[in-house]
There are 2 protein chains.
Amino acid sequence: MEPHEPDLTAVPVTNVLAALADDVRLQIVRALAEGGEAACGSFDFGVSKATRSHHLRVLREAGLTRTRAAGTSRLVRLRRDELDKLYPGLLDAVLTQRPPA
Amino acid sequence: MEPHEPDLTAVPVTNVLAALADDVRLQIVRALAEGGEAACGSFDFGVSKATRSHHLRVLREAGLTRTRAAGTSRLVRLRRDELDKLYPGLLDAVLTQRPPA
DNA sequence: GGTGTTGTTCGATTATTGTCGAACAAGGGT
DNA sequence: ACCCTTGTTCGACAATAATCGAACAACACC
């Protein structure tokens, strides 16, 4: 299986935004931004592993993450450098803690 | 009808991103960013006026635009200052012309 | 070889969203 | 008063996307 990690410049902005416009995926991105590389299983946000796998695929195919195999696990990391270069400020804006309610 | 223009800080980030994650709406936002205030009818992007009205509602309810009546028209404008303050870099990142394909 | 762990894929279901035409509402002319 | 322009709202329908359980694949370890 090709990992389907597209060139970021080939991904429409709307796809990048759509990938970020989901609560579960945003939590994953936040976790990756803070903790660096992490195994898929470490993102336990109240969804089944099938759903989690789906969200990780969306993030990967939107060019937001890279995945590499490591034993039986798969390690995921944010493509932060590329994102910051192509969309400066986007990640920072999105990752900023929500203003106190 | 209350125009439903929420306090930006009360809108979840995912809603803001979802509002931007649509091609028609992104074109509207780009037009507003360049041309300032504009009438609803000026956004002719190959959709019916019903659909256009729907998209403008989504943008308004996500806190991205403000609308005011002017005769039989309605003038729409970007809430750029507020957006830039709350999500610095977001609009700039999104409005930047896509890299040449 | 067998067992457990970790993920992915498949098919089905449900929910959300984009789209339209038609009907309606508010104004501005003439 | 009448009509035209400009938008909004109302169903309805189609397309997309989120979610799950179950089946499957790859690997590690005993």
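Letters A, B, ... mirror the listed sequences (proteins, then strands); counts begin at 1.
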Taken to the nearest whole Å, CD/B:E61 to P/C:dG18 is 12 Å
For B:R52 and D:dT6, give me the distance from atom CZ to atom P, rounded to whole Å. 10 Å
Heavy atoms only: give me the nearest B:T67-B:E5 pair and the separation to one decimal. N-OE2, 2.6 Å
Calculate the interatomic distance between A:F45 atom CZ and D:dT19 atom C1'; express it in whole Å. 17 Å
Using modelled atom types and a 3.5 Å cut-off, is there a donor and acceptor pairing between side-chain atoms of A:S53 and backbone atoms of A:K49? no
Please tell me whether B:V29 and B:L75 are part of a single hydrophobic cluster in this structure, the criterion being side-chain heavy atoms less than 4.5 Å apart. no
By nearest-nucleotide position on DNA chain D, the 5'-leaning member of A:V47 and A:G71 is A:V47
Round to a whole Å and report the spacing from NZ of B:K49 to P of D:dT9. 13 Å
Which atom pairs, donor and acceptor, lie under 3.5 Å between side-chain atoms of residues 15-24 of chain B and protein residues at least two apart or in another chain?
from, atom 1, to, atom 2, distance (Å)
B:D22, OD1, B:V24, N, 2.9
B:D22, OD1, B:R25, N, 3.1

Please state whether the phosphate of D:dC20, meaning OP1 or OP2, lies under 4.0 angstrom from any side-chain nitrogen or oxygen of A:S48. yes
Looking at B:S53, I'd like to know whether one of its side-chain N or O atoms comes within less than 4.0 Å of OP1 or OP2 on D:dT8. yes
Over how many whole Å does the gap from B:H4 atom NE2 to D:dT9 atom C1' extend? 14 Å
Could you tell me the separation between the NE2 atom of A:H54 and the C1' atom of C:dG11, rounded to a whole number of Å? 15 Å
When rounded to whole Å, the CZ to C1' distance for the pair B:R68 and C:dA26 reads 17 Å
Should B:T51 be listed as having a side-chain N or O under 4.0 Å from OP1 or OP2 of C:dG18? no
How would you label the contact of B:S73 with the nucleic acid (heavy atoms, under 4.0 Å): base, sugar-phosphate, or nothing? sugar-phosphate
Please classify the nucleic acid contact of B:H55 as base, sugar-phosphate, or nothing, using heavy-atom distances under 4.0 Å. sugar-phosphate
One pair to check against side-chain contact (heavy atoms from CB on, under 4.5 Å): B:R30 and B:L26. What are the steps and the verdict? CA-CA 6 Å; B:R30 286 204 174 105; B:L26 202 47; 4.1 Å; yes
Starting at atom CG of A:L56, determine the distance to atom P of C:dT6, rounded to an integer number of angstrom. 15 Å
Linked, directly or transitively: A:L83 and A:L86 (ILVMFWY side chains, under 4.5 Å): yes
Within residues 17-28 of chain A: residues closer than 4.0 Å to DNA chain D (heavy atoms): A:D22, A:R25
Using a heavy-atom cut-off of under 4.0 Å over every strand shown, decide if A:A39 touches base, sugar-phosphate, or nothing. sugar-phosphate
Could you tell me which residues satisfy side-chain contact (heavy atoms from CB on, under 4.5 Å) with B:D44, sequence neighbours excluded, listed by chain and number? none
